Amino acid sequence: MSVKLLVFAASHRPGSYNRKLATLASDMAGAAGAEITFAEYSQFDMPVYNDHEADLNNIPPAAHSFLKLASPTDGIIIASPEYNWSYPGSLKNIIDWTSRLDINILKHKTALLLCATPGARGGIVGLDHLRAPLAALQLHVFNRAFPLGHCREAFSEDGQLKNEKQRAQLQTIVTDYVTFTQKLAK
Ligand SMILES: Cc1cc2nc3c(=O)[nH]c(=O)nc-3n(C[C@H](O)[C@H](O)[C@H](O)COP(=O)(O)O)c2cc1C
């Protein structure tokens, strides 16, 4: 059966390495039979959640946009930069808005986490942090993540990973994740 996935990179930066990684993973997931919706991060630019002022009957357009794109899917693939050994505050803000809605739209969906960083460790600490709030929203976070270190040198002009071993690793993780999502979506 075909599963629906939302894919996005948690970066606004033109030339974002995480967007490159998200694009690659999205192509691989599509080839593995998933139906993909690729979102730009700017679609999810919402005000910082303020528990005193938030009107949950009238959520900001960007929160609605996330809700609309994520609701019909079976899972989400997030390529998130590592910011200060964690993940970007803007991503936490999306999670916080989502958590306040009447219905938990992310409940029982799956998530695959990817990260591209210029450093050697590929942002593995940030990815570990990101698991916690997603688990709090009862997502099934795939147990394997893909931390890509030395990202400035990693991509060829056509957006592929130059290193064949890394490309094969990503392919395996993405394909296995699609299978995992298919099994849970049944
Ligand atoms: C606020 C901030 C904090 C950062 N902290 C880290 C970090 O903890 N670890 C790391 O490897 N890179 C860190 N970086 C560098 C980012 O990994 C790098 O800018 C990367 O290219 C961001 O992803 P993008 O290309 O998708 O925008 C940080 C960058 C910013 C802007």
Side-chain angles (χ1 to χ4, degrees), residues 5-31 34 36-50 62-63 65-66 69-70 73 75-98 106 109-136 139 141-174 177-178:
L5 300 176
L6 173 65
V7 185
F8 68 93
S11 170
H12 295 94
R13 209 177 61 78
S16 158
Y17 294 104
N18 285 281
R19 194 183 185 287
K20 288 183 203 282
L21 191 55
T23 304
L24 204 49
S26 160
D27 291 347
M28 290 173 174
I36 307 295
T37 300
F38 194 98
E40 295 301 331
Y41 202 43
S42 55
Q43 291 177 253
F44 307 143
D45 280 344
M46 51 197 85
V48 173
Y49 181 81
N50 176 327
S65 169
F66 183 74
L69 292 182
T73 66
I76 51 177
I77 298 180
I78 307 174
S80 171
E82 184 178 65
Y83 277 7
N84 299 306
W85 295 7
S86 190
Y87 58 93
S90 53
L91 183 53
K92 181 63 161 50
N93 192 43
I94 295 170
I95 295 169
D96 289 344
W97 269 107
T98 306
L106 296 179
K109 295 187 194 300
T110 66
L112 174 65
L113 308 183
L114 321 170
C115 177
T117 67
R121 292 182 308 168
I124 193 68
V125 180
L127 290 181
D128 271 349
H129 284 198
L130 182 52
R131 282 176 182 274
L134 296 179
L139 278 105
V141 183
F142 194 52
N143 60 359
R144 275 174 286 156
F146 188 78
L148 176 69
H150 304 296
C151 63
R152 288 180 185 144
E153 297 81 38
F155 292 93
S156 57
E157 289 281 311
D158 62 356
Q160 290 296 328
L161 284 171
K162 290 185 201 160
N163 184 313
E164 269 184 38
K165 207 170 156 187
Q166 279 180 333
R167 201 184 325 160
Q169 275 170 349
L170 180 62
Q171 177 86 63
T172 303
I173 288 177
V174 170
Y177 165 70
V178 170

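Just so we're clear, the structure is a prediction, and the values are computed from it rather than from any experiment. Order of appearance sets the numbers: ligands from 1, and atoms from 1 within every ligand.
Rounded to the nearest 0.5 Å, atoms CG (Leu113) and CG (Leu134) are 6.0 Å apart. Atom OG of Ser80 and atom OH of Tyr87 lie 8.5 Å apart (nearest 0.5 Å). To the nearest 0.5 Å, atoms CZ (Arg131) and CG (Asn143) are separated by 7.0 Å.
Residue Glu153 qualifies as enclosed at atom CD: its count of foreign heavy atoms under 6.0 Å is above 12.
At the top of the distance list for atom 22 (C) of ligand 1, counting protein heavy atoms only, stands Pro81 CB, 3.8 Å. When only non-hydrogen protein atoms are considered, atom 2 (C) of ligand 1 lies nearest to Tyr83 CD1, 3.6 Å. Nearest protein heavy-atom contact of atom 8 (O) of ligand 1 is Trp85 N, 2.8 Å. Scanning the protein for heavy atoms near atom 5 (N) of ligand 1, the closest one is Asn84 N, 2.8 Å. Closest protein heavy atom to atom 21 (O) of ligand 1: Tyr17 CD1, 3.7 Å. Looking from atom 26 (O) of ligand 1 to the surrounding protein, the closest heavy atom is Ser16 OG, 2.6 Å. Protein heavy atom in closest approach to atom 17 (O) of ligand 1: Pro118 CD, 3.2 Å.
The backbone N or O of Leu161 lies less than 3.5 Å from a partner atom in the side chain of Arg167, making a donor-acceptor pair. The backbone N or O of Thr73 sits less than 3.5 Å from a side-chain atom of Lys109, completing a donor-acceptor pair.
Contact record, Ala79 with Asn18: CB-O, 3.3 Å, taken as the closest heavy-atom pair. Asn93 and Pro47 get closest at one heavy-atom pair: ND2-O, 3.0 Å.
With ligand atoms numbered from 1 in the order given, ligand 1 contributes 23 (O), 24 (P), 26 (O) to contacts under 4.0 Å with heavy atoms of Asn18. Contact atoms of ligand 1 toward Ser11: 24 (P), 26 (O), 27 (O) (distance under 4.0 Å to a heavy atom of the residue).
Distances from atom 4 (C) of ligand 1 to the heavy atoms of Arg19, His12, Glu82, Arg121 show the closest one on Glu82.
For Ala9, the heavy-atom gap to ligand 1 stays at 4.0 angstrom or more.
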